[in-house]
Protein chains: 4
Amino acid sequence: MRKANPELQQQRRQQILDGAERCFRAKGFHQASMQDIAREAGVSMGLLYRYFENKEAIVASFATTDSAGVIALIDELAASQRPVEFIPGMIRRLARESADPDTMRLYTEVFAESLRNPRLFTALSESEDGVRQAMISAIKSQQAAGRLAQLDAGALADLLFGLVDGISLRATLVRQFKPAVAERLIGTMLASLLKP
Amino acid sequence: MRKANPELQQQRRQQILDGAERCFRAKGFHQASMQDIAREAGVSMGLLYRYFENKEAIVASFATTDSAGVIALIDELAASQRPVEFIPGMIRRLARESADPDTMRLYTEVFAESLRNPRLFTALSESEDGVRQAMISAIKSQQAAGRLAQLDAGALADLLFGLVDGISLRATLVRQFKPAVAERLIGTMLASLLKP
Amino acid sequence: MRKANPELQQQRRQQILDGAERCFRAKGFHQASMQDIAREAGVSMGLLYRYFENKEAIVASFATTDSAGVIALIDELAASQRPVEFIPGMIRRLARESADPDTMRLYTEVFAESLRNPRLFTALSESEDGVRQAMISAIKSQQAAGRLAQLDAGALADLLFGLVDGISLRATLVRQFKPAVAERLIGTMLASLLKP
Amino acid sequence: MRKANPELQQQRRQQILDGAERCFRAKGFHQASMQDIAREAGVSMGLLYRYFENKEAIVASFATTDSAGVIALIDELAASQRPVEFIPGMIRRLARESADPDTMRLYTEVFAESLRNPRLFTALSESEDGVRQAMISAIKSQQAAGRLAQLDAGALADLLFGLVDGISLRATLVRQFKPAVAERLIGTMLASLLKP
DNA sequence: GATGAATGAGCATTCATTCAT
DNA sequence: TATGAATGAATGCTCATTCAT
């Protein structure tokens with residue numbers, strides 16, 4: 001008798017999610033059909049439904065993104081000797097990454113979907129919470145070391161992430177947006193705000 | 001002989017757009033069917049298509065939002081005696097308005113759609129441009145009056161609007177977000193950035 | 001009080017039929033919509049239905065073609081001194097006319113429709129009958145004058161018209177069809193058949 | 001693991017085409033809806049579209065008729081010892097077959113459609129070409145054997161097929177058409193034309 | 001574990017037709 | 001006489017999902 005093979009199962013799940021991502025990037029959640037996804041992932045319709053209960057499950061699984069990258073970056077911040085200089089650079093980097101139209105499209109799609117789907121919203125919200133907590137810890141540890149101004153850590157975290165999101169959005173939507181100029185301005189602003 | 005009645009036409013168009021808005025709010029663009037819209041607007045399918053060539057036309061007409069409100073607010077800024085205090089208040093107000101989940105949902109939907117539909121993107125982009133230009137003018141006139149720091153006006157406009165968008169988004173997504181605290185922080189930050 | 005104006009009515013009818021013909025040529029009966037016809041004819045939907053009970057009535061009125069042209073040609077045959085030469089020329093001319101793809105398309109459309117619509121079939125059939133009777137008379141008078149072989153007049157008429165139709169069809173469908181060669185062959189064939 | 005079953009697929013395709021034929025016979029191409037076809041074929045809408053990309057594909061597949069029967073008949077001609085007698089009989093048989101109103105209706109429908117649909121026209125034209133070439137070969141071999149007059153083979157083929165089509169059409173359209181009389185006349189005519 | 005076959009409700013859109021003015 | 005406004009059933013087609021093998 002054949003035994004369940006968890007590795008294979010994990011691989012299949014990933015294979016499907018990869019196919020789904022390509023479809024979602026190309027068409028969006030609601031425009032990508034399950035047939036599209038199956039074709040792109042190279043599996044049959046039946047298998048799709050063996051690994052995911054329905055389309056929503058794929059979307060949810062897909063949308064619950066990996067925040068490991070951002071958290072790693074925040075950990076660098078926590079360890080940085082000069083957070084006042086580090087933070088603007090971090091913002092710049094995050095904003096640039098997510099201002100890539102393709103990424104922006106996907107992110108917006110996920111966010112839009114989460115505003116209709118409570119389960120997804122919760123998942124996204126919790127993931128975001130994790131990142132926020134990491135940021136708060138980093139801020140607090142830097143404040144304890146006297147390297148950062150004594151501002152409300154939660155509000156500061158929200159401000160910093162808000163800046164990332166807002167700047168990414170502007171970079172996408174505004175033709176005349178000049179990243180370098182904007183980033184210098186933000187650098188100046190944050191330097192004066194953050195210095196202890 | 002019966003004559004065409006532009007008033008009636010205008011009213012019907014609005015009636016359809018109103019119905020469409022209710023559907024879009026409730027379900028999103030792609031989940032709202034033309035039948036839904038017709039039913040909600042209280043017209044027949046045939047009439048729907050007499051007034052709008054296709055679904056995309058309804059979405060486009062709907063998405064090309066009126067920026068008159070924001071521009072009016074910016075005009076107040078241009079006339080303000082104390083822009084350094086006015087700006088944070090303006091940001092606060094705009095952010096609160098758009099942080100209403102229902103509004104946020106719709107705005108996100110429009111933005112997401114615009115990232116797939118070039119025509120819509122252009123329309124949105126141009127509308128945003130108008131607002132941005134108004135802001136740039138306001139900033140420059142305040143700078144000329146010596147009431148605002150000599151920063152790059154375009155970058156400053158982008159920063160301010162980016163803050164609005166970013167803060168609205170955080171307010172929606174982050175449970176522990178405390179509007180009052182965040183707004184105070186932003187106020188402090190901008191005060192020091194903007195004072196001449 | 002306004003009085004009915006038969007001339008105007010006749011003109012309107014013709015105007016609609018002309019518009020309909022353009023539509024039918026361009027799209028075919030079933031692909032042309034009443035809206036198309038109204039637009040092309042430059043009248044409103046309401047007027048269309050005032051002059052024709054429904055779409056079928058337009059098609060019927062349109063399809064009941066004028067056979068006056070063919071009958072006139074046949075009358076020339078009746079008067080001809082050399083029918084044995086006249087007939088092949090007549091066939092050639094008729095076949096060429098109806099081999100024009102546009103005309104062929106319309107004729108085929110009408111015929112196809114008549115095979116589904118008994119009323120139309122009757123009308124078409126009767127019109128065809130008139131032409132056939134004219135041809136039979138012409139043949140008989142020429143036979144009486146000893147200028148044509150003593151063949152069954154009805155069968156001969158059917159053969160001649162059948163040749164016209166068949167040759168037109170071949171001219172349309174067969175790429176390598178050579179009208180001149182075919183017509184010469186038919187000429188030879190008929191000459192030997194018809195000579196008294 | 002279940003394997004694709006080409007036999008089943010072939011059977012399903014045929015089942016659909018059979019249903020489609022019944023619908024096309026009853027209503028015509030444009031009057032038969034896909035729902036009609038699905039119902040008549042006893043399959044679901046989804047399956048219909050699994051086997052045929054769209055309606056046009058069904059029509060095309062249906063219209064690209066099998067010319068094997070006619071070609072077989074022509075091969076008999078090629079082998080015949082007395083082509084001058086064989087040909088009129090062949091024409092008679094073909095004309096009778098296609099003069100059946102039901103068959104005529106379908107044939108006319110296909111032809112009409114081909115005049116609007118270039119792809120279909122090409123298919124039909126090529127099929128017709130095949131038949132024509134077979135006829136030309138048959139004629140030439142009989143001519144080489146001295147059993148047929150030395151006429152242009154292409155023109156003769158076109159004439160013969162034109163006669164079939166034209167006579168079939170007359171048989172359908174003309175109430176007083178007398179097949180037996182007409183066929184005798186044609187027999188006489190061809191006998192004198194074809195004898196070497 | 002995996003596949004291909006099948007479903008039928010639902011979608012955007014069109015159409016012949018009617019009605020109020 | 002003529003128009004513009006309105007209808008709603010129907011159409012070609014798609015889709016998430018289920019099932020037998």
Side-chain angles (χ1 to χ4, degrees), chain A residues 1-5 8-9 12 30-38 42-58, chain B residues 1-6 8-9 12 30-39 42-58, chain C residues 1-5 8-9 12 30-38 42-58, chain D residues 1-6 8-9 12 30-39 42-58:
Chain A
M1 203 192 95
R2 201 161 169 186
K3 293 287 285 298
N5 178 345
L8 175 56
Q9 290 192 14
R12 279 273 181 269
H30 298 290
Q31 285 64 51
S33 75
M34 292 299 264
Q35 267 97 341
D36 287 339
I37 294 173
V43 302
S44 68
M45 289 303 301
L47 203 65
L48 210 60
Y49 276 87
R50 176 174 266 274
Y51 281 93
F52 293 91
E53 204 190 338
N54 49 33
K55 193 179 178 181
E56 200 201 321
I58 299 188
Chain B
M1 198 184 105
R2 192 179 186 179
K3 290 285 289 297
N5 179 349
L8 173 58
Q9 292 188 13
R12 280 274 179 273
H30 298 289
Q31 285 64 52
S33 75
M34 291 300 263
Q35 267 94 345
D36 288 339
I37 295 173
R39 198 179 318 115
V43 301
S44 68
M45 289 303 300
L47 205 64
L48 208 62
Y49 279 88
R50 173 180 257 268
Y51 283 94
F52 293 91
E53 205 188 336
N54 50 32
K55 192 178 178 182
E56 202 200 322
I58 299 187
Chain C
M1 202 192 99
R2 201 160 168 187
K3 293 287 286 297
N5 177 345
L8 175 56
Q9 290 193 12
R12 278 274 181 268
H30 298 290
Q31 286 64 52
S33 75
M34 292 299 264
Q35 267 95 342
D36 287 339
I37 294 173
V43 302
S44 68
M45 289 303 301
L47 205 64
L48 210 60
Y49 277 86
R50 178 174 264 274
Y51 281 93
F52 293 92
E53 202 189 338
N54 50 31
K55 194 178 176 181
E56 200 201 321
I58 299 187
Chain D
M1 197 184 104
R2 192 178 185 179
K3 291 284 288 298
N5 179 348
L8 174 58
Q9 293 188 12
R12 280 275 179 273
H30 297 291
Q31 286 64 52
S33 75
M34 292 300 263
Q35 265 95 342
D36 288 339
I37 295 173
R39 198 179 319 114
V43 301
S44 69
M45 289 302 301
L47 205 64
L48 208 62
Y49 278 88
R50 173 181 258 269
Y51 283 94
F52 293 91
E53 207 188 336
N54 50 33
K55 192 178 178 182
E56 201 200 322
I58 299 187

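Every chain is numbered from 1 and lettered A, B, ... according to where its sequence line falls, protein lines coming before strand lines.
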Which part of the nucleic acid does B:Gln9 contact within heavy-atom distance under 4.0 Å: base, sugar-phosphate only, or nothing? sugar-phosphate
Any donor-acceptor pair under 3.5 Å between the side chain of D:Arg2 and the base of E:dA5? no
Quickly work out the C:Ile58 CD1 to E:dA16 P distance and round it to whole Å. 10 Å
For C:Asn54 and D:Gln35, find the nucleotide of DNA chain E closest to each by heavy atoms; which residue's nucleotide sits nearer the 5' end? D:Gln35
Between D:Lys55 and C:Gly42, which is nearer to the 5' end of DNA chain F once each is assigned its nearest nucleotide? C:Gly42
Please state how far atom CG in D:Asp36 lies from atom C1' in F:dG12, giving the value in whole angstrom units. 12 Å
Just the rounded figure in Å: distance from P of E:dA6 to CZ of D:Arg39. 19 Å
Which part of the nucleic acid, if any, lies within contact of C:Tyr51, taking any heavy atom under 4.0 Å across all strands shown: a base, the sugar-phosphate backbone alone, or nothing? sugar-phosphate
Establish, with yes or no, whether the OP1 or OP2 oxygen of F:dC13 is under 4.0 angstrom from a side-chain nitrogen or oxygen of D:Tyr49. yes
Rounded to the Å, how far apart are A:Ile37 CD1 and F:dC15 C1'? 12 Å
Can D:Met34 and D:Ile58 be said to form a side-chain contact (heavy atoms from CB on, under 4.5 Å), step by step? CA-CA 10 Å; D:Met34 292 300 263; D:Ile58 299 187; 3.8 Å; yes
Hey, which of these two, D:Leu8 or C:Gln31, hits DNA chain E nearer its 5' end, going by closest nucleotide? D:Leu8
Check every strand shown and say whether C:Met34 touches a base, only sugar-phosphate, or nothing at a heavy-atom separation below 4.0 Å. base
Of the nucleotides F:dA6, F:dA16, E:dA2, which has the atom closest to the B:Ser44 side chain? F:dA6
Taking for D:Leu47 and for B:Ala4 the nucleotide of DNA chain F with the nearest heavy atom, the one nearer the 5' end belongs to B:Ala4
For the pair made of CZ in C:Phe52 and C1' in F:dT1, what is the distance, rounded to whole Å? 16 Å
Approximate separation, where rounding is to 0.5 Å, of B:Leu48 CG and B:Arg50 CZ: 12.5 Å
Side chain of A:Arg12 only, heavy atoms from C-beta on: which candidate in E:dT17, E:dT13, E:dA2 is closest? E:dA2
Return the value, rounded to whole Å, for the distance between atom CE of C:Met45 and atom P of E:dC15. 11 Å
By the Watson-Crick or G-U definition, both distances under 3.5 Å, F:dT21 is matched with E:dA2
Nucleotide nearest C:Arg50 when distance is taken to its side chain, options F:dT17, E:dA12, F:dA2: F:dA2
Look up atom CE in D:Met45 and atom OH in D:Tyr49, then write down how far apart they are to the nearest 0.5 Å. 5.0 Å
Can you name the nearest heavy-atom pair linking D:Ala32 to D:Lys55, along with the distance? O-NZ, 2.7 Å
Report the distance from atom CD of A:Glu56 to atom P of F:dT17, rounded to the nearest whole Å. 9 Å
Between NE2 of A:His30 and C1' of F:dA16 the distance, given in whole Å, is 13 Å
Show the nearest heavy-atom pair for residues D:Tyr51 and D:Gln9, with the distance to one decimal. CE2-O, 3.6 Å
What nucleic acid atoms does C:Ala32 come within less than 4.0 Å of, heavy atoms only: base, sugar-phosphate, or nothing? sugar-phosphate
